[in-house]
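Chain A is the first sequence line, chain B the second, and so forth, proteins listed ahead of strands; every chain is numbered from 1.
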There are 4 protein chains.
Amino acid sequence: MTDARRGRPRSDQADRAILGAAADLLTSVGYERLSVEGIAARAGVAKQTIYRRWPSKAAVVAEAVLAAQSGVAIAPPADTGDLRADLQEWALQYGLWLADPVVSAMIRGLVAAAVDSQTNATRLYDHLADPIRTAILSRLTQEAERGTLRKNADLDALIDAILGTMLYRVLSSLTDAPKPDLGGLMNILVDGVRAQ
Amino acid sequence: MTDARRGRPRSDQADRAILGAAADLLTSVGYERLSVEGIAARAGVAKQTIYRRWPSKAAVVAEAVLAAQSGVAIAPPADTGDLRADLQEWALQYGLWLADPVVSAMIRGLVAAAVDSQTNATRLYDHLADPIRTAILSRLTQEAERGTLRKNADLDALIDAILGTMLYRVLSSLTDAPKPDLGGLMNILVDGVRAQ
Amino acid sequence: MTDARRGRPRSDQADRAILGAAADLLTSVGYERLSVEGIAARAGVAKQTIYRRWPSKAAVVAEAVLAAQSGVAIAPPADTGDLRADLQEWALQYGLWLADPVVSAMIRGLVAAAVDSQTNATRLYDHLADPIRTAILSRLTQEAERGTLRKNADLDALIDAILGTMLYRVLSSLTDAPKPDLGGLMNILVDGVRAQ
Amino acid sequence: MTDARRGRPRSDQADRAILGAAADLLTSVGYERLSVEGIAARAGVAKQTIYRRWPSKAAVVAEAVLAAQSGVAIAPPADTGDLRADLQEWALQYGLWLADPVVSAMIRGLVAAAVDSQTNATRLYDHLADPIRTAILSRLTQEAERGTLRKNADLDALIDAILGTMLYRVLSSLTDAPKPDLGGLMNILVDGVRAQ
DNA sequence: CTCTAAGCGAGACGGTACGTCCGGTCTTCTA
DNA sequence: TAGAAGACCGGACGTACCGTCTCGCTTAGAG
């Protein structure tokens, strides 16, 4: 054991103010027009206080989005015995969540932050995608143990299809394009893996 | 009568130099560190010459990516009569295309350009996603006419699952995360829509 | 003959605005609290426009002071035949000039700019001191030709004493210290070089 | 009774380290690029320890220069009975002192510190100029009492000429300009005040 | 021999300014 | 006209210091 913490400790009030300001601005002006200077101003914080913590705008945004989202627990689908209905219900719930402009603005921001950065991309997929993957997998595993799924069903591929479609929906939410339908997708997927 | 274009016509050599430089830089430094000034310098062109053609960096990038990709015709899956095999084959081919670092860098750039911009998002989805949608739909329609698909199968949802998974694969290509498997996905989807 | 000037030429309206703003601020807030940013703001000019022309705050200030002073011709002392009276008159006139708070603020600023910089120091001594040296020397030379000065009189030393005392007076103008008396000095100097 | 200082007393080792670091840095990087943070780092001292003692960089520099110079006693010119020779000798000695790059760097620093500050200007003139003034005046007074000077000679003006010339020499030491000659000056001044 | 009041190195804090980069726009000259 | 060149205003970048403010830790005199 070596040197105790020396000097004034970092203020976690500043942490909160920064992440909050970043999330607010991301929602209101979008990723491109978001600036570290703007975050500092809104948070009532010096720029250096931001740069002491994160190396770039992308990193701040990534953390801000994950922090904002960390309150939302990703619940696994219920288990009523009816896989199709359970997934439909789950899709409905998270489809509404994704449709919230604030949520989709934040996720689009996170994607922008991840597009150029290995580190942020990893954070994104570890912290946002993995909980969803785990949640759905737990429900599918229950089903598999009852023997109601095909033996060789590729559950990872199934989950990726769900995640990919959700991502696609969020990214295309700026366009007039018809939004991918999570309900219809679930129907196909369930039929595709159900034991015959 | 003087309605014909007067003065020096635009140089399409300049066009090509600009789009080529943009594509090169996008691949080599990524979207964030790409600048209009950098494109102009590499293309040996004045900034004004770029701004005469496109309103923003995002628009240049979008056009550059689409131009680079326009050589690649999105062929519909072959029709051997075996839908599963045909989609597997198609997935294999485009899976390899997406795995090319240059292609994925460009698509990630386009996503970055689209994240904040309704216009670029629309361009992206019209020019990249729609041809794929059309290609797959044409094969599925053939199949449907033979009556080998369920009556109520939601073909749009199926295609969105494919597009979403492809997008997810590209965006996660920076991470060490296991890549979504297009082959396994196709299996599930075919089973999910095939008439029983 | 090679390439004519290409591109948009520098705006000499900007030049004037910058130098004017610098002179104003130097007078009103002093050298230490003068900032390039402040000059830019007051001149209605972008910072880059200043940095295109001068490498540092010290260089801008040096140029501004010299420009402001360039209107003031340093006249040689009159030649009435009475060297003592002529130098007294000259000292009175320039003593009043130095006593002007604006003038002394500018000269103090120039000294501050010159203290660390060989380049600015040289500018200062070439453009401010040399004209004074030349002016006085021309009067002394007339006198020497009449044979009214000692043969071996060190006229350079005499002039340096005048310049040094003027400088000392300006730099000590912030203090309550009694101001060096140019009139008394002239008396001594004239007596010190007059043929006996 | 509780008027004695309580708590840990100030460390005069810190004092010495600070003033030494300031003097070193002033010599090596000049006044402009000198920073309190740099002094603290070089002295191995916390910034607060500096600010507890002095209110500003200029004040530290002023004290550092005066401390460094305090070892050098300003001796009055010797009295051999020959005023001219005595002043020449004195000028020679202090001319060499001023020619030392370390000394002139420090004095230039002090001038920079004094340019904007009434307080530091006063310190400068009280602590550097006054001892010189006193030293020379004492010699001149001896001479005056012997009746070898003119009755109405303005001794203050004479001394200001010496101080001004010395200052001018230091400030112009960065340039290639010929240095004012203290020896020649002394000749003129002596001739200018000597009883005829 | 504890209590309390400094002082100390360390380092974070809100700020201001730095010098640079780039975004779009605007001349100027040349083709 | 278009195009290369490059200056213009503006805004943000990431860094350096400013002077202040905790931290935990001495180091003293007072009780």
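- Protein atom CG of A:Asp12 is 14 Å distant from nucleotide atom P of E:dA12, rounded to whole Å.
- At least one donor-acceptor pair under 3.5 Å links the side chain of A:Thr27 to the backbone N or O of A:Ala23.
- Of the two residues contacting DNA chain F, namely A:Pro55 and C:Gln48, the nearest-nucleotide position lying further toward the 5' end is that of C:Gln48.
- Put simply, CD1 on C:Ile50 is 12 Å from C1' on F:dC9, counting in whole angstrom units.
- Between A:Tyr51 and D:Arg8, the one whose closest nucleotide on DNA chain F sits nearer the 5' end is A:Tyr51.
- In this structure, B:Arg10 atom CZ and F:dT1 atom P are separated by 12 Å, rounded to whole Å.
- Closest approach to the D:Thr49 side chain among E:dG9, E:dG19, F:dA28 is made by E:dG9 (side chain taken as heavy atoms from C-beta onward).
- One interatomic measurement links the two molecules: CD of B:Glu37 to C1' of E:dT25, which rounds to 13 Å at whole-angstrom precision.
- The 12-atom threshold is exceeded at CZ of A:Arg52, counting heavy atoms of other residues, nucleotides or ligands nearer than 6.0 Å.
- Ranking E:dC13, F:dA7, E:dA5 by closeness to the B:Lys47 side chain, first place goes to F:dA7.
- The distance from atom CZ of D:Arg52 to atom C1' of E:dG9 is 10 Å, rounded to the nearest whole Å.
- B:Gly44 comes within 4.0 angstrom of sugar-phosphate atoms only, judged by non-hydrogen atoms across all strands, and of no base.
- Nearest-nucleotide positions on DNA chain E place A:Ser11 closer to the 5' end than the other of A:Ser11 and B:Val36.
- For the pair A:Lys57 NZ and F:dC13 P, the interatomic distance rounds to 7 Å; values are reported in whole Å.
- Backbone-only contact: D:Arg53 has heavy atoms under 4.0 Å from sugar-phosphate atoms and none from a base.
- If you take CD1 of D:Ile39 and P of E:dA10, they are 16 Å apart, rounded to a whole angstrom.
- Atom-to-atom, CG of D:Asp15 to P of E:dC8 comes out at 8 Å; the value is rounded to the nearest Å.
- Closest contact between the side chain of B:Ala46 and the listed nucleotides F:dA5, E:dG19, F:dC18 involves F:dA5.
- At least one side-chain heavy atom of B:Trp54 sits less than 4.5 Å from a side-chain heavy atom of B:Glu63.
- Taking all atoms of both residues into account, the shortest heavy-atom contact from A:Tyr31 to A:Val61 is CE1-CG2, 3.9 Å.
- Residues C:Arg10 and C:Asp15 are not paired through a salt bridge, judged by the lack of any N-O separation under 4.0 Å between the basic side chain and the carboxylate.
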